[in-house]
There are 2 protein chains.
Amino acid sequence: MSRPPAPSGDDLLKVLTALGNPHRMRIVAALGGGRNYVSALAREIGIGRPLLHMHLQRLEAAGLVTGTLELAANGKAMKYFELTPFAYVLTPETVAGAALTLTTELTKEEKTTMKETTS
Amino acid sequence: MSRPPAPSGDDLLKVLTALGNPHRMRIVAALGGGRNYVSALAREIGIGRPLLHMHLQRLEAAGLVTGTLELAANGKAMKYFELTPFAYVLTPETVAGAALTLTTELTKEEKTTMKETTS
DNA sequence: TGAACCCGTCAAAAGGATCTGACACATGTC
DNA sequence: GACATGTGTCAGATCCTTTTGACGGGTTCA
């Protein structure tokens, strides 16, 4: 009876767009072997460091990985990333449930209204 | 012990990019209430018919929905879409496993090589 | 001081996804 | 025939994502 908590629509959307990319899937795979720092990861996967930086940001924003800036013994600052243990189930029901709480895709009128109201 | 079959990397990628879109999540939600035809769906969701057509194509290409062109009693041809019962589990392990079989993201050299070989 | 590492950010180019407004075709009804 | 319904497709505009190269900063070690 213990069911995983139903994610909000926006959260699930962030997770799906985060994982829906070959590079980011490979990053998850690479981090499966253990934590690693950015430059080493870039070499391992074979992409540039600024590019990897952006992908890691996206994964972290979705809550799938965690970055920690640490000072190594030699004094160098290194940012280690590791996997967050996540578990999402994708079925018509879970997707439909999440879709109900989506706040995205507002019409242009709604957007301008929100800007006016917020400002 | 019965484990859902591990999807290939390309398949999972298609599913993730298909579901990682607010409109398509809402389409899945709408089809959860039962099958429907394109024009009615477009009105229900509130988007244009050509746009919905494209989104349905993407969902069908990912194997999440199925379309059937039927002749209604009045002789009109109507395309009904319905949900395919799918179930994907997203964990670091499943993603990592799928990433190993990714064929996308070839380097430019590989791409040109394939073109030459294929032609 | 220069080299070799590490970190981050930025602007601009390139590519892909999304969206819209036409168009063409068919059918049944007023 | 005109109209409302359904189907599909297309070109072009637009927007978001991805990618690259060039910066800036920091630390150790020879």
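Residue numbers start from 1 in every chain, and the chains themselves are labelled A, B, ... in the order their sequence lines are given, proteins ahead of strands.
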Residues that, via side-chain heavy atoms closer than 4.5 angstrom, fall in one hydrophobic cluster with A:Leu71
none
Could you give the CG-to-C1' distance, from A:Leu41 to C:dC6, as a whole number of Å?
14 Å
With a cut-off of less than 4.0 Å, is there a side-chain N or O of A:Asn21 near OP1 or OP2 of D:dT17?
no
note: A:Arg26, atom CZ; D:dT19, atom P; distance rounded to Å ~ 11 Å
Quick one: side chain to side chain contact (heavy atoms under 4.5 Å, CB included) partners of A:Ala61, sequence neighbours excluded?
none
Specify the residues of residues 48-61 of chain A, ordered by number, for which at least one heavy atom lies under 4.0 angstrom from an atom of DNA chain D.
A:Pro50, A:Leu51, A:Met54, A:His55, A:Arg58
Look at A:His23 and D:dT19 and indicate whether a side-chain polar atom (N or O) is within less than 4.0 Å of OP1 or OP2.
yes
For A:Arg35 and A:Glu70, what are the C-alpha separation, side-chain angles and deciding distance, and is it a salt bridge (Lys or Arg N to Asp or Glu O under 4.0 Å)?
CA-CA 12 Å; A:Arg35 44 178 274 160; A:Glu70 300 180 8; 3.0 Å; yes
Sequence neighbours excluded, which residues qualify as side chain to side chain donor-acceptor pair (under 3.5 Å) partners of B:Arg49?
none
Strictly below 4.0 Å: does B:Ser39 bring a side-chain N or O up to OP1 or OP2 of D:dT5?
no
Residues in residues 69-80 of chain A with a heavy atom under 4.0 Å of DNA chain C, by number, are A:Lys76, A:Ala77, A:Met78, A:Lys79
Please give, in whole Å, the distance from C:dC7 C1' to A:Arg43 CZ?
13 Å
Pair listing, ring pair (Phe, Tyr, Trp, His ring centres under 6.0 Å) test, anchored in residues 38-84 of chain A, at least two apart:
A:His23-A:His55, A:Tyr37-A:Tyr80
Would you mind listing every side-chain hydrogen bond (donor to acceptor under 3.5 Å, both in side chains) that reaches into residues 58-67 of chain B, with sequence neighbours excluded?
B:Thr66-B:Thr84
What is the separation between atom CZ on B:Phe81 and atom C1' on D:dG8, rounded to the nearest whole Å?
11 Å
Can you give the donor-acceptor pairs under 3.5 Å from side chains of residues 87-96 of chain B to other protein atoms, not counting sequence neighbours?
{"residue": "B:Thr91", "atom": "OG1", "partner": "B:Glu93", "partner atom": "N", "Å": "3.4"}
{"residue": "B:Thr91", "atom": "OG1", "partner": "B:Glu93", "partner atom": "OE1", "Å": "3.2"}
{"residue": "B:Thr91", "atom": "OG1", "partner": "B:Thr94", "partner atom": "N", "Å": "3.2"}
{"residue": "B:Thr91", "atom": "OG1", "partner": "B:Thr94", "partner atom": "OG1", "Å": "3.4"}
{"residue": "B:Thr94", "atom": "OG1", "partner": "B:Val89", "partner atom": "O", "Å": "2.9"}
{"residue": "B:Thr94", "atom": "OG1", "partner": "B:Thr91", "partner atom": "N", "Å": "2.8"}
{"residue": "B:Thr94", "atom": "OG1", "partner": "B:Thr91", "partner atom": "O", "Å": "3.0"}

CG of B:Leu13 versus P of D:dT17: gap in Å, rounded?
16 Å
Looking at B:Tyr37, does any N or O in its side chain come under 4.0 Å of the phosphate oxygens OP1/OP2 on D:dT7?
no
Show the numbers, then the answer: is there a side chain to side chain contact (heavy atoms under 4.5 Å, CB included) between A:Glu82 and A:Leu31?
CA-CA 6 Å; A:Glu82 63 186 329; A:Leu31 288 180; 5.9 Å; no
With sequence neighbours left out, the residues meeting side chain to side chain donor-acceptor pair (under 3.5 Å) with A:Thr68 are none
